[in-house]
Asks: 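So that we are looking at the same thing, I have put the structure below in structure tokens.
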Amino acid sequence: MTVNKDSYYQDHWLEIEEERLERYERMFEWRPEQTAMLDPADLQPGQRVVDFGSGPGFLSLALSDRVGDTGHVYGLDINSEFVRRSTQRAKESNKQDRVTFLQLTQDTLPLEDGSVDRVICKNVLEYVPDIETTLGELKRILKKGGKILAIDSDWGFVVVEPWGADRVRRFFNAASAAFKEPNIGRKLPAALKRAGFQDIEVDIRPFIDRQGEGMAVLSNMTGYIRTFGTLDSAELKAMWEDLEQAVSEGDYMFILPQFSVTAINGR
Ligand SMILES: C[S@@+](CC[C@H](N)C(=O)[O-])C[C@H]1O[C@@H](n2cnc3c(N)ncnc32)[C@H](O)[C@@H]1O
């Protein structure tokens with residue numbers, strides 16, 4: 001794939017090579033301990049829910065358990081292979097009547113005005129080309145009084161020990177073309193306000209890893225940095241050697257805050 005750094009944040013989701021698809025399937029598998037992350041959405045049986053940027057679809061399937069037989073989940077994503085695999089996964093788990101996966105090919109979402117009770121979007125808004133257009137569409141499809149829950153990282157707000165603050169900053173700056181807005185977490189509340197949402201609430205839930213699980217995220221970032229050639233390969237290699245040594249000696253720590261932002265479509 002030829003790399004255009006100006007559109008890579010979107011291109012790399014439209015076309016995903018097999019190895020990366022499988023890595024995402026492992027990274028985004030829904031774990032029971034993540035359930036509390038959905039509490040701010042106040043999900044109830046019978047609700048119609050949109051999972052915007054549904055990826056491998058594990059979250060949509062977990063959401064369908066929350067809304068039950070009388071509710072429905074729409075998983076929306078721009079990647080056709082994710083949509084195909086998620087649809088297949090829903091059939092295999094006998095949930096095809098509760099979840100519909102749709103591929104997005106334009107900014108306008110394939111749902112009627114005021115037709116859903118909840119919008120969930122987890123780790124997606126950092127990639128959208130125009131946050132105002134996206135939030136405007138999500139607001140359009142929400143019923144009056146409906147709620148959005150956006151869960152997002154902020155790549156300027158990460159701890160990786162033993163690298164220290166300067167190397168962490170260099171590393172994430174080098175990967176930044178993979179995102180439209182790498183600092184989306186801190187930007188979200190104001191963006192929701194501009195889009196006309198009300199009762200905006202912000203919480204932060206840190207992912208803290210001292211065993212090495214978070215290295216999948218760092219490895220993903222390293223892939224981007226190699227693609228862009230934005231860090232010297234000897235420097236990258238030395239950083240990874242330090243990381244692996246710290247893991248084996250028990251000195252490694254990775255902290256990735258997840259902003260959890262809710263807002264109501266009050267108008
Ligand atoms: C990091 S993954 C998160 C997947 C899922 N939300 C989860 O947490 O398991 C980001 C997802 O956003 C999707 N995506 C990227 N840009 C998008 C856009 N403009 N509109 C909708 N989905 C998009 C990608 O295809 C990918 O599935």
Side-chain angles (χ1 to χ4, degrees), residues 1 6-18 20-38 41 49-65 73-87 89-90 99-111 118-141 148-155 175 177-182 184-185 188 191 205 207 214 216-221 223-224 256 258-261:
M1 172 166 98
D6 293 332
S7 56
Y8 187 81
Y9 67 87
Q10 170 135 307
D11 299 342
H12 82 289
W13 288 117
L14 289 171
E15 221 178 287
I16 311 180
E17 56 283 14
E18 186 61 32
R20 208 154 49 91
L21 263 177
E22 279 167 20
R23 182 148 28 105
Y24 289 136
E25 300 220 332
R26 287 194 301 276
M27 274 169 73
F28 289 101
E29 193 144 13
W30 187 252
R31 299 184 303 278
E33 65 270 22
Q34 290 178 290
T35 307
M37 211 186 255
L38 299 177
V49 178
V50 160
D51 177 12
F52 179 73
S54 47
F58 297 111
L59 171 60
S60 299
L61 295 178
L63 289 168
S64 82
D65 290 337
V73 177
Y74 296 90
L76 312 179
D77 205 282
I78 56 171
N79 181 273
S80 57
E81 184 59 14
F82 272 151
V83 171
R84 192 189 68 75
R85 290 187 184 200
S86 310
T87 304
R89 200 167 284 123
V99 196
T100 306
F101 290 99
L102 300 168
Q103 188 190 357
L104 299 176
T105 53
Q106 52 182 23
D107 287 341
T108 309
L109 301 179
L111 288 159
R118 296 287 181 267
V119 168
I120 313 291
C121 55
K122 179 175 159 291
N123 304 119
V124 180
L125 295 176
E126 60 207 312
Y127 304 109
V128 300
D130 185 314
I131 189 79
E132 290 181 9
T133 304
T134 298
L135 292 180
E137 271 297 287
L138 294 174
K139 185 168 182 291
R140 178 186 67 76
I141 63 170
I148 181 169
L149 166 65
I151 299 167
D152 264 298
S153 309
D154 185 313
W155 300 105
F179 307 96
K180 175 69 181 174
E181 179 45 86
I184 188 70
L188 256 179
R205 297 166 184 233
F207 167 71
V217 176
L218 299 175
S219 152
N220 216 28
M221 294 289 162
Y224 298 143
L256 175 62
Q258 293 288 288
F259 280 71
S260 166
V261 185

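Hydrogens, waters and symmetry mates are skipped; everything else that's a heavy atom, side chains included, is used. Order of listing sets the numbers, starting from 1, for every ligand and every atom in it.
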Asks: My understanding is that only residues two or more places apart in sequence, or in another chain, count here; which of them pass salt bridge (charged side-chain N to carboxylate O under 4.0 Å, His left out) with Arg31?
Replies: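 Salt bridge (charged side-chain N to carboxylate O under 4.0 Å, His left out) check on Arg31 returns Glu33.
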Asks: Name the residues with a heavy atom less than 4.0 Å from ligand 1?
Replies: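 For ligand 1, the contacting residues are Gln10, Trp13, Phe28, Phe52, Gly53, Ser54, Gly55, Asp77, Ile78, Phe82, Leu104, Lys122, Asn123, Val124, Tyr127, Val128, Pro129.
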Asks: I need the single residue from Leu109, Val50, Leu149, Val49 that forms a side chain to side chain contact (heavy atoms under 4.5 Å, CB included) with Val119. Which is it?
Replies: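 Of the listed residues Leu109, Val50, Leu149, Val49, the side chain to side chain contact (heavy atoms under 4.5 Å, CB included) partner of Val119 is Val50.
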Asks: Quick one: list whatever passes salt bridge (charged side-chain N to carboxylate O under 4.0 Å, His left out) with Asp154, sequence neighbours left out.
Replies: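 Arg186.
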Asks: Between Arg89 (side chain only) and Gly57 (backbone N and O only), is there a donor and an acceptor less than 3.5 Å apart?
Replies: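 No; judged by distance alone, with no hydrogens or angles, the pair does not exist.
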Asks: Please name all residues satisfying side-chain contact (heavy atoms from CB on, under 4.5 Å) with Ala177, sequence neighbours left out, ordered by chain then number.
Replies: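 By the side-chain contact (heavy atoms from CB on, under 4.5 Å) rule, Ala177 matches Lys5, Phe228.
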Asks: Tell me if a side-chain donor or acceptor on Arg205 pairs with a main-chain N or O of Ile151 at a distance below 3.5 Å.
Replies: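 No.
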